[in-house]
There are 2 protein chains.
Amino acid sequence: MEVSAHLGPLRQRFPDGVFPAGCPSRVLLDHITSKWGVLIIISLADGPHRWSELRRRAQGVSEKMLAQTLKTLERDGLVHRSPQPVIPPRVDYSLTDRGQELAALLVSLVGWAAEHADEILTQTP
Amino acid sequence: MEVSAHLGPLRQRFPDGVFPAGCPSRVLLDHITSKWGVLIIISLADGPHRWSELRRRAQGVSEKMLAQTLKTLERDGLVHRSPQPVIPPRVDYSLTDRGQELAALLVSLVGWAAEHADEILTQTP
DNA sequence: CAGAATCCATGAGGATACTG
DNA sequence: CAGTATCCTCATGGATTCTG
């Protein structure tokens, strides 16, 4: 597969291959490639889940980071938050349409990482 | 587009949708989704480039982070380093085959981010 | 030119406790 | 259950200087 063939959309935005520092894409990119952002989005890829389920799925995430990341993703219009007025409280999180688009890309990426993780010498000196 | 349809490869590795903390995929994922990792890889997507070109393309990267990220990507077998025995020194960086695979995925991701960055309210409170 | 080495600030992020 | 509030630590990562 020749990568250059897929560069089209990127070339339109960055004709010279330079990616500017202040660029808005950078901000969004930082959100969606953040450590927990990726895991939360793909955790939601198979349907809505509640807070406690997300904590279990994205193993190792702290309450603080889960809350923070969900807020960011919600502000970015990628995740939808729907609180149920019941006791005990119940809140479901789901992907928006835009979030689903993104999830498809991230699922490919994480899938690729999962497939190749073993082949790679990940000593961390 | 229905995301669940693409979950196959991921389901094989993580049948219950739980992504374990110690998992090797996590490490690799952190490398390739790191702030500068992404930019460097897509900067190399259109062919080999040298150190100084990469510094220009991935605007805002410090020398320290460029060196560090390149080393990590090289250890992961994604980037190839070829020093030329000339004076002044010249070093070219390129993607390995595996790196090209990954680049294709990241190009899609960054392209998506670039397309949608404007629609998103990125106040950062 | 392509880095390595050093120092240092900031903030990401974890642990804990508390609440509606 | 689904968060919020605080404190505190450690490591990310920037600026600077030096070198083959």
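Note that this is a predicted model, so its numbers are computed, not measured. Proteins get letters first, then strands, A, B, ... in listed order; numbering begins at 1 in each. Values below: every heavy atom of this structure, side chains too, minus hydrogens, waters and symmetry copies.
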Can you give me every donor-acceptor pair (side chain of residues 78-94 of chain B, partner residue at least two apart or in another chain, under 3.5 Å) with its distance?
| unit_1 | atom_1 | unit_2 | atom_2 | d |
| --- | --- | --- | --- | --- |
| Arg81(B) | NE | Tyr93(B) | OH | 3.3 |
| Ser82(B) | OG | Asp92(B) | O | 3.1 |
| Gln84(B) | NE2 | Asp92(B) | OD2 | 3.1 |
| Arg90(B) | NE | Asp92(B) | OD2 | 3.1 |

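- Between the CZ atom in Arg56(B) and the NE2 atom in His49(B) there is a gap of 9.5 Å [rounded to 0.5 Å].
- Under 4.0 angstrom from either OP1 or OP2 of dA15(C) there lies no side-chain N or O belonging to Ser62(A).
- Between the C1' atom of dA15(D) and the CZ atom of Arg55(B) lies a distance of 11 Å, rounded to the nearest Å.
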Taking N or O atoms only and anything under 3.5 Å, show me the protein contacts with nucleotides 8-12 of chain D, one pair per line.
none

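- For the salt bridge (Lys or Arg N to Asp or Glu O under 4.0 Å) condition, no pair includes a residue of residues 16-25 of chain B, sequence neighbours left out.
- Salt bridge status for Arg13(A) with Glu115(B): absent, with no side-chain N to carboxylate O gap under 4.0 Å.
- In this structure, Lys71(B) atom NZ and dA2(C) atom C1' are separated by 12 Å, rounded to whole Å.
- Rounded to whole angstrom, the span from the NZ atom of Lys35(A) across to the P atom of dG13(D) amounts to 12 Å.
- Here the CG atom belonging to Leu105(B) is positioned 12.0 Å from the CD atom belonging to Gln100(B), to the nearest 0.5 angstrom.
- The line from CG of Leu44(A) to CG of Leu73(A) is 8.5 Å long, rounded to the nearest 0.5 Å.
- Applying the side chain to side chain contact (heavy atoms under 4.5 Å, CB included) rule to Ser25(A) yields the partners Phe14(A), Cys23(A), Ala114(B), Ala117(B); only residues at least two apart in sequence or on another chain are considered.
- Residues from residues 81-94 of chain B that place a heavy atom under 4.0 Å from any atom of DNA chain D, listed by number: Pro89(B).
- Taking CH2 from Trp112(B) and CG from Leu10(A), the interatomic distance works out to 14.0 Å, rounded to the nearest 0.5 Å.
- Rounded to a whole Å, the CG atom of Leu70(A) is 16 Å from the C1' atom of dG13(C).
- Rounding to the nearest 0.5 Å gives a distance of 10.0 Å between CE of Met65(A) and NZ of Lys35(A).
- Regarding Arg50(A), its CZ atom lies at a distance of 13 Å from the C1' atom of dG3(D), rounded to whole Å.
- Note on the helix from dC1(C)-dG20(D) to dG20(C)-dC1(D): terminal axis deviation equals 60°, with five pairs used at each end and the result rounded to 10°.
- Rounded to an integer number of Å, the gap from Glu74(A) CD to dA2(D) C1' is 14 Å.
- Residue side chain Glu63(B) does not reach the base of dA15(D) through any donor-acceptor N/O pair under 3.5 Å, judged by distance alone.
- In summary, Lys71(A) and Asp76(A) do not engage in a salt bridge, as defined by a charged side-chain N under 4.0 Å from a carboxylate O.
- The CD1 atom of Ile40(B) sits 14 Å away from the C1' atom of dG3(C) (whole-angstrom rounding).
- When rounded to the nearest whole Å, the span between CG of Asp30(A) and C1' of dA12(C) equals 13 Å.
- Taking CG of Leu66(A) as the reference point, atom CH2 of Trp51(A) lies at 4.0 Å (rounded to 0.5 Å).
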